[in-house]
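Following: one structure in structure tokens, then a few remarks.
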Amino acid sequence: AFCVLLLVAGHETTTNLIGNGILALLSHRDQWELLRDDPSLIGPAIEEILRYDGPARATVRLVRDEHEIEGRLLAPGERVFLMNVAANRDPDAYPDPDRFDITRNPANHLGFGVGIHYCLGAPLARIEGQLAISALMQAFPNMALAAEPGDLAWHRTMLSRGLQQLPVALEG
């Protein structure tokens with residue numbers, strides 16, 4: 001069961017990392033061109049993709065001990081949804097957090113969680129994302145979106161974020 005969990009979790013999130021990353025890069029053409037012209041930026045680009053529009057929207061935890069937060073009582077056994085995407089856009093942590101900047105290299109993002117719940121597959125996901133995006137960029141340096149970003153359909157799930165499809169034009 002654990003192996004199946006790793007396979008499924010690793011496949012879906014890495015697929016979404018690559019899709020979300022291509023969308024972010026193509027939606028910010030200056031960043032696409034910067035990475036195309038300087039492939040050594042792929043590492044920081046992956047970190048910025050994870051911060052800016054990573055595949056993990058939320059993490060679910062069970063309350064162990066009773067807590068009160070802003071007047072709301074959290075009882076043991078209740079589910080709590082920790083919103084990674086909100087933390088990754090925190091203006092106290094990231095200057096101009098809504099700007100996509102592959103030179104930012106945000107080492108403290110929550111794209112892979114934190115602490116004892118840090119993603120076991122994070123190193124593999126980083127390598128897969130770097131290889132896939134680099135290969136696509138090298139093979140199709142003039143790739144462009146073939147749809148408006150607002151017209152794209154996203155999978156309807158609360159915990160992850162990924163496109164149903166990403167139409168692209170391979171020669172621009």
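These numbers were taken from a predicted model, which means no experiment stands behind them.
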* Asked: Between R104 and D101, is there a salt bridge with N-O shorter than 4.0 Å?
  -> no

* **Nearest heavy-atom neighbours spanning S27 and L145** => OG-CD1, 3.6 Å

* Count the heavy atoms belonging to other residues, nucleotides or ligands that lie under 6.0 Å from CD of E148, then report whether that count exceeds 12. => no

* To do: Could you tell me which residues satisfy ring pair (Phe, Tyr, Trp, His ring centres under 6.0 Å) with F100, sequence neighbours excluded, listed by chain and number?
  => H28, Y52

* **Heavy-atom side-chain contact between L163 and Q165 under 4.5 Å** => no

* To do: Give a yes or no on this: more than 12 heavy atoms of other residues, nucleotides or ligands lie within 6.0 Å of atom NE2 of H155.
  => yes

* **Within 45° cone and under 6.0 Å: R89 NZ/CZ vs Y94 ring** => no

* Kindly indicate whether the side chain of H11, heavy atoms from C-beta on, has any atom under 4.5 Å from the side chain of T14. => no

* Asked: Using a distance-only test with no angle check, is there a side-chain donor-acceptor pair under 3.5 angstrom linking R61 and H117?
  -> yes

* Asked: With the 4.5 Å side-chain cut-off for hydrophobic clustering, are Y118 and I46 part of the same group?
  -> yes

* Judged by atom type as modelled, is there a donor-acceptor pair below 3.5 Å linking the side chain of E78 to the main-chain atoms of A75? -> yes

* Can you name the salt bridge (Lys or Arg N to Asp or Glu O under 4.0 Å) partners of R57, sequence neighbours left out? -> none

* Give a yes or no answer on whether the side chain of Q31 reaches the backbone of I102 with a donor-acceptor pair at less than 3.5 Å. => yes

* Flag, side chain of N88 to backbone of H109, donor-acceptor distance under 3.5 Å -> no

* Under the 3.5 angstrom rule, does the side chain of N16 hit a backbone N or O of S160 as a donor-acceptor pair? -> no

* W32 side chain vs N142 backbone, donor-acceptor pair below 3.5 Å -> no

* With a 4.5 Å limit on heavy-atom distance, are the side chains of I49 and L17 in contact? -> yes

* Are any of the side-chain heavy atoms of L73 and E66 separated by less than 4.5 Å? -> yes

* Hey, is the main chain of I42 close enough, under 3.5 Å, to the side chain of Q130 for a donor-acceptor pair? -> no

* Counting heavy atoms not belonging to E68, are there more than 12 under 6.0 Å from its CD? -> yes

* Verify same cluster id: L41, F140 (apolar side-chain graph, 4.5 Å) -> yes

* Asked: Does a side-chain heavy-atom distance below 4.5 Å link R51 with P97?
  -> yes

* Evaluate the side-chain proximity of T13 to C119: yes if any heavy-atom separation is below 4.5 Å, no if none is. => no

* Begin with the C-alpha distance, continue with both residues' side-chain angles, and end with the deciding distance and a verdict on side-chain contact (heavy atoms from CB on, under 4.5 Å) for T59 and V80. => CA-CA 8 Å; T59 303; V80 178; over 6 Å; no

* Asked: Is there a donor-acceptor contact under 3.5 Å from the side chain of E47 to the main chain of P106?
  -> no

* Which atom pair, heavy atoms only, marks the closest approach of V63 to D65? -> CG1-O, 3.0 Å

* Does F112 reach the side chain of L50, with side-chain heavy atoms less than 4.5 Å apart? -> yes

